[in-house]
Participant: 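So that we are looking at the same thing, I have put the structure below in structure tokens.
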Amino acid sequence: MTAITKVTVLGTGVLGSQIAYQTAYHGVDVVAFDISDEILDKARARFAGLAETYKAEVAGAADGKADEALTRISYSSDLRGAVQDADLVIEAIPEDLELKRATYTELGEVAPAKTIFATNSSTLLPSDLKGFTGRPEKFLALHFANHVWVQNTAEVMGTDSTDPAVYQRVVDFATAIGMVPIEIRKEKAGYVLNSLLVPFLSAAGELLVDGIADPETVDKTWRIGTGAPLGPFQIYDIVGLTTAYNISAAGDETQQRFAKHIKENYIDQGKLGVATGEGFYKYTP
């Protein structure tokens with residue numbers, strides 16, 4: 001099997017930008033795609049910030065490697081041009097089923113036949129999307145955890161249509177970019193990580209909307225009681241409140257009340273979490 005040497009990442013949000021930068025940091029050419037040049041300008045600043053983070057937190061990154069990674073990232077708001085040479089496309093767009101299906105329909109029409117598609121969806125099953133790709137045998141899920149340079153798991157999950165050779169090629173790619181591949185034996189919404197994390201975060205949301213405790217109290221309780229470095233609402237801010245909203249809005253009545261709460265009190269005011277400097281907490285640059 002040939003190595004994956006050209007990657008396109010669709011979406012330059014918090015996690016999409018981390019995936020792209022981590023890939024470039026390990027020597028792979030990356031095209032960062034998003035829907036407008038304005039968004040891509042913000043992505044450039046985000047990548048520059050990641051380079052500084054790697055210099056501070058990753059051994060050897062300050063010796064020129066972090067800055068060199070930036071030279072391997074190019075930018076495009078034209079989907080056809082962005083994927084024309086891609087060995088692998090990693091989709092990291094908002095967690096919206098219809099948006100993803102529409103994106104894969106277009107992607108299947110413009111990408112070369114050789115290109116593997118991987119969704120980074122945190123909750124959706126790849127089988128919900130495979131029929132829209134035009135190449136189900138070359139489609140699977142590749143899920144990264146936030147802060148990929150530290151929380152370096154890459155969950156690999158195929159469908160019953162995924163070619164085993166394609167699956168193995170993506171496992172090898174994950175290893176090549178410094179991740180620990182987690183090979184999942186059958187489809188499970190949420191993979192391993194989010195099957196554990198989402199119920200935990202949902203329980204925190206329930207405590208908030210039922211008036212049991214405020215975010216600071218919930219987080220303090222969890223940190224003191226377990227020794228964990230972060231509480232659930234701090235995690236929500238890192239993940240991003242738009243993602244939290246999309247997941248919660250598709251849940252049960254309590255989760256929908258939480259979605260309504262964060263939309264009205266945070267998202268509608270531009271408070272999306274760490275990425276915007278404020279969510280449940282305020283963050284200084």
Side-chain angles (χ1 to χ4, degrees), residues 9-25 32 34 38-58 61 66 69-70 73 90 92-96 120-123 143-154 193-194 196-198 200-205 207-208 214-223 226 228-249 258-259 261-285:
V9 178
L10 306 186
T12 58
V14 171
L15 197 51
S17 60
Q18 290 181 26
I19 295 167
Y21 185 82
Q22 176 76 4
T23 302
Y25 184 79
D34 222 310
E38 180 182 3
I39 294 173
L40 290 174
D41 284 341
K42 294 177 181 177
R44 288 181 173 87
R46 188 171 288 128
F47 286 125
L50 283 169
E52 296 306 309
T53 297
Y54 275 56
K55 290 176 188 178
E57 299 183 16
V58 178
L70 295 173
I73 302 172
I90 302 173
I93 68 174
E95 198 76 343
D96 180 297
N120 183 59
S121 173
S122 56
T123 58
H143 180 249
F144 295 77
N146 194 42
H147 289 174
V148 300
W149 62 96
V150 178
Q151 319 292 4
N152 58 339
T153 59
L193 179 59
N194 280 317
L196 299 169
L197 180 61
V198 170
F200 165 64
L201 295 178
S202 296
L207 290 170
L208 175 61
D214 60 30
E216 292 84 356
T217 299
V218 173
D219 284 354
K220 178 176 67 175
T221 302
W222 184 255
R223 292 195 307 269
T226 67
L230 300 172
F233 290 99
Q234 292 171 290
I235 295 172
Y236 271 127
D237 275 355
I238 292 169
V239 171
L241 298 193
T242 300
T243 296
Y245 171 81
N246 288 334
I247 294 171
S248 299
F258 178 63
H261 175 85
I262 58 176
K263 183 178 188 300
E264 293 177 351
N265 293 283
Y266 298 95
I267 294 173
D268 288 350
Q269 299 175 36
K271 301 174 182 178
L272 306 183
V274 172
T276 60
E278 185 172 358
F280 289 104
Y281 298 90
K282 290 185 177 180
Y283 302 89
T284 55

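Quick caveat, the model's predicted, so the values are computed rather than measured. In this chain, numbering begins with 1 at the start of the sequence shown.
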Participant: Give the C-alpha distance, both sets of side-chain angles, the deciding distance and a yes or no for ring pair (Phe, Tyr, Trp, His ring centres under 6.0 Å) between Phe258 and Tyr236.
Facilitator: CA-CA 12 Å; Phe258 178 63; Tyr236 271 127; 5.2 Å; yes
Participant: Who pairs with Asp41 by salt bridge (Lys or Arg N to Asp or Glu O under 4.0 Å), at least two apart in sequence or on another chain?
Facilitator: Arg44
Participant: Glu57: what forms a side chain to side chain donor-acceptor pair (under 3.5 Å) with it, not counting sequence neighbours?
Facilitator: Trp149
Participant: Could you list the donor-acceptor pairs under 3.5 angstrom formed by side chains in residues 278-285, with sequence neighbours left out?
Facilitator:
from, atom 1, to, atom 2, distance (Å)
Glu278, OE2, Lys271, NZ, 3.4
Tyr281, OH, Asp219, OD2, 2.5
Tyr283, OH, Asp237, OD2, 2.6

Participant: With rounding to the nearest 0.5 Å, note down the distance linking CG in Asn146 to CG in Leu197.
Facilitator: 10.5 Å
Participant: Checking Gln18 side chain against His147 main chain: does a donor-acceptor pair fall under 3.5 Å?
Facilitator: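 Yes; at least one donor-acceptor contact below 3.5 Å.
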Participant: Verify, without hydrogens or angle tests, whether Asp214 (side chain) and Leu208 (backbone) share a donor-acceptor contact under 3.5 angstrom.
Facilitator: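 Absent.
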Participant: Is there a donor-acceptor contact under 3.5 Å from the side chain of Asp34 to the main chain of Thr12?
Facilitator: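 Yes, Asp34 side chain to Thr12 backbone: donor-acceptor pair under 3.5 Å.
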Participant: Is the shortest side-chain heavy-atom distance between Ser122 and Ile247 below 4.5 Å?
Facilitator: yes
Participant: Is the distance from the ring center of Tyr21 to that of Tyr54 below 6.0 Å?
Facilitator: yes
Participant: Between Thr53 and Val58, is there a side-chain heavy-atom distance shorter than 4.5 Å?
Facilitator: no
Participant: State, with a plain yes or no, whether a side-chain heavy atom of Leu50 is found less than 4.5 Å away from one of Ser17.
Facilitator: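 Leu50 vs Ser17: side chains touch.
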Participant: Compare every heavy atom of Leu70 with every heavy atom of Ala48, then report the nearest pair and how far apart it is.
Facilitator: N-CD2, 4.3 Å
Participant: Identify the heavy atoms of Thr276 and Gly270 that sit nearest to each other, and give their distance.
Facilitator: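 In this case the closest contact between Thr276 and Gly270 is OG1-O, 3.4 Å.
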Participant: Nearest 0.5 Å please: distance from the OG1 atom of Thr153 over to the CG atom of Leu193.
Facilitator: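 Result: 5.5 Å between the selected atoms.
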Participant: I need the minimum non-hydrogen distance between Pro232 and Val218, along with the two atoms involved.
Facilitator: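 That would be CG-CG1, 3.6 Å.
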Participant: Taking C-beta and beyond as the side chain, do Leu10 and Ile90 meet within less than 4.5 Å on heavy atoms?
Facilitator: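 No. Closest side-chain heavy atoms not under 4.5 Å.
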Participant: Of all heavy-atom pairs between Ala92 and Gly16, which one has the smallest distance, and what is that distance?
Facilitator: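 Smallest heavy-atom distance, with atoms named: CB-CA, 3.8 Å.
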Participant: May I ask you to test the Tyr266-His261 pair for a side-chain heavy-atom distance under 4.5 Å?
Facilitator: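 A side-chain contact exists here, since the closest heavy-atom pair is under 4.5 Å.
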Participant: Carefully, step by step, assess Thr243 and Val239 under the rule side-chain contact (heavy atoms from CB on, under 4.5 Å).
Facilitator: CA-CA 7 Å; Thr243 296; Val239 171; 3.8 Å; yes
Participant: Please say whether more than 12 non-hydrogen atoms of neighbouring residues, nucleotides or ligands are located less than 6.0 Å from NZ in Lys263.
Facilitator: no
Participant: Given side chains that start at C-beta, do those of Pro229 and Arg223 come closer than 4.5 Å, heavy atoms only?
Facilitator: no
Participant: Hey, mind stepping through Val14 and Val274 against side-chain contact (heavy atoms from CB on, under 4.5 Å) and telling me if it holds?
Facilitator: CA-CA 9 Å; Val14 171; Val274 172; over 6 Å; no
Participant: Judged by atom type as modelled, is there a donor-acceptor pair below 3.5 Å linking the side chain of Ser248 to the main-chain atoms of Tyr245?
Facilitator: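 Between the backbone of Tyr245 and the side chain of Ser248 there is no qualifying donor-acceptor contact (under 3.5 Å).
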Participant: Search all heavy atoms of Glu95 against all heavy atoms of Ser121 and return the closest pair with its distance.
Facilitator: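 What the structure gives for the nearest pair is OE2-OG, 2.8 Å.
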Participant: Decide yes or no for Leu230 and Trp222: does some side-chain heavy atom of the first lie under 4.5 Å from some side-chain heavy atom of the second?
Facilitator: no
Participant: I'd like to check Leu15 versus Asn120 (side-chain heavy atoms, cut-off strictly below 4.5 Å). Are they in contact?
Facilitator: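 Of all side-chain heavy-atom pairs linking Asn120 with Leu15, at least one is under 4.5 Å.
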Participant: Please report the interatomic distance CD1(Ile262) to CZ(Phe233), rounded to the nearest 0.5 Å.
Facilitator: 9.5 Å
